[in-house]
Amino acid sequence: MPSLQFTAEPSPTSGTEHRPFLFDVIIAGCGPTGAMLAAELRLHDVRVLVLEKDTEPASFVRIVGLHIRSLELMAMRGLLERILEQGRQRPAAGFFAAINKPVPKGLDSAHAYLVGIPQPVIVHLLEERAIELGAQVRHGCAVAGFEQDDDGVTVELADGEQLRSRYLVGCDGGRSTVRKLLGVGFPGEPTRAETLMGEMEVGVPQEEIAATVAEIRETHHRFWLRPVGVGVYSVVVPAAGVSDRAQPPTLEDFQQQLRTIAGTDFGVHSPRWMSRFGDATRLAERYRIGRVLLAGDAAHIHPPIGGQGLNLGVQDAVNLGWKLAAQIRGWAPETLLDTYQAERRPVAEDVLDNTRAQSELLSTEPGPQAVRRLLTELMDFDEVNRYLIEKITAIGIRYDFGAGPDLLGRRLRDIEVKQGRLYGLLHRGRGLLLDRTERLTVGGWADRVDHLADPTAALDAPCVLLRPDGHVAWIGDDQQDLDDHLSRWFGEPAI
Ligand SMILES: Cc1cc2nc3c(=O)[nH]c(=O)nc-3n(C[C@H](O)[C@H](O)[C@H](O)COP(=O)(O)OP(=O)(O)OC[C@H]3O[C@@H](n4cnc5c(N)ncnc54)[C@H](O)[C@@H]3O)c2cc1C
């Protein structure tokens, strides 16, 4: 493979040996990560094609939790209202190893809650948004192969059709074809314990179920029976000891496991859907090789404890989108695209680690149970409780942008500004100079960075430069220093 150094992109028709580029980016997979990435790229007029192997949405409807940082990102892109219409708000607490504690005091967010929403609904919302913005999405098209060269990537579909783009992003889930074809290692731990999950009707009164379930969950944290509709319950039980792993789970499997744990199967019947998931924990060795990148579950998998996987993928997409767009538009500083892996891989490493820790805390063995009791006591200290919630909800992330005040590298909360709320100014996915001094300027970067002069902004700094993902890239009040940082993140000025 020739040089991996990139410079400003040649014009779309400059491919000589290959057909002209019809697309700048092909995304494999229209799950939450792929759909979010497509929408982010479209904010910058990048020509995007999303290829999704499935023709229909998933038949199982797991409710996922959107955590604070993802809700903030939705607010930053003008999507929060749609999410809130379709989901249910809950307090932002009780997620770390399902240890039940109140919301810690002083959570630093204007959107400090959780939204429970069926995964197919969030995928539909994000796909709809990507299409509204101009992305093309083709269902029933599986990426089966690709080849990359100096100018672009030739992507081959399962039916033999070939398509050409400048970049390919594998958002094709934990079993990612793109990752495998790329030859990127995916080391970690294989599945040790499998879990059955499904939705079904019950044959006994709600009060009876609630009392039994509450008692069992004192010690059995890999089990739940929760109402999701009139007479319909979400059921989660360990899969250990039931039928063939290779076969889809049956109602009998659920009944047997419920009897083992609870002494009764609660008369479960008429399943809506049943599925099985494992607890494998793996992280891709690289997120990028040349013109091919990985995001979401294609880059990292871990048990669903704490509900972080979808959130992590959506946040990967927002980190990557503007950088890849900058590369394609030709203004990206040389190393910008590589900051995607530098910033996001450590975040995934941390999530993998916290799910490993949470898995241990869910064990019914006496040692882990004792550690759980101790941690439960420690979480009565507000600092401890808040630290863990900030970790799970991803508002504690600080990227390493070099030495500087604590806010540098962190996301800025949705503060009040003279035009309303800060996140309302980030819908277009551009940078933003929030300037309390009223004497700075974004000069030749005005085509990429907006400027809000607002001496009244609720900000504990004279001026901050925000990246399109809402992270603080610079803090200060000196024009020359600002210009240096504008160059660092947004390339050469246009004039
Ligand atoms: C029981 C359970 C509960 C969970 N709860 C939560 C939660 O509360 N919160 C949370 O954040 N996460 C949760 N997760 C994790 C979450 O579901 C995943 O992390 C999320 O789906 C990852 O999104 P993705 O877009 O990266 O990958 P996926 O959702 O796997 O999407 C990948 C897409 O790529 C498509 N595809 C695959 N191969 C190809 C190909 N070759 N060509 C084209 N398309 C292809 C697939 O059909 C799919 O549509 C849970 C997971 C489980 C199992």
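Remember, it's 1-based here, ligands and their atoms both numbered in the order they're listed. The first residue in the sequence is number 1, and the count goes up from there.
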Is the shortest distance from a Lys or Arg side-chain nitrogen in [X] or [Y] to a carboxylate oxygen in the other one below 4.0 Å?
X: Glu161; Y: Arg138; result: yes
X: Arg77; Y: Glu72; result: no
X: Glu85; Y: Arg82; result: no

Seminar exercise, completed: Test side-chain hydrogen bond (donor to acceptor under 3.5 Å, both in side chains), reference Asn354, set Gln308, Lys391, Glu349, output is Gln308

Seminar exercise, completed: Using heavy atoms and a strict 4.0 Å limit, residues surrounding ligand 1 turn out to be Gly29, Gly31, Pro32, Thr33, Leu51, Glu52, Lys53, Asp54, Arg62, Val64, Gly65, Gln119, Cys141, Ala142, Val143, Cys171, Asp172, Gly173, Thr177, Met197, Phe277, Gly296, Asp297, Pro304, Gly307, Gln308, Gly309, Leu310, Asn311

Problem set entry | Whether over 12 other heavy atoms sit under 6.0 Å from Glu128 CD | yes

Exercise. How are the rings of His67 and Phe95 set relative to one another: parallel (under 30°), tilted (30 to 60°) or perpendicular (over 60°)?
Worked result: perpendicular

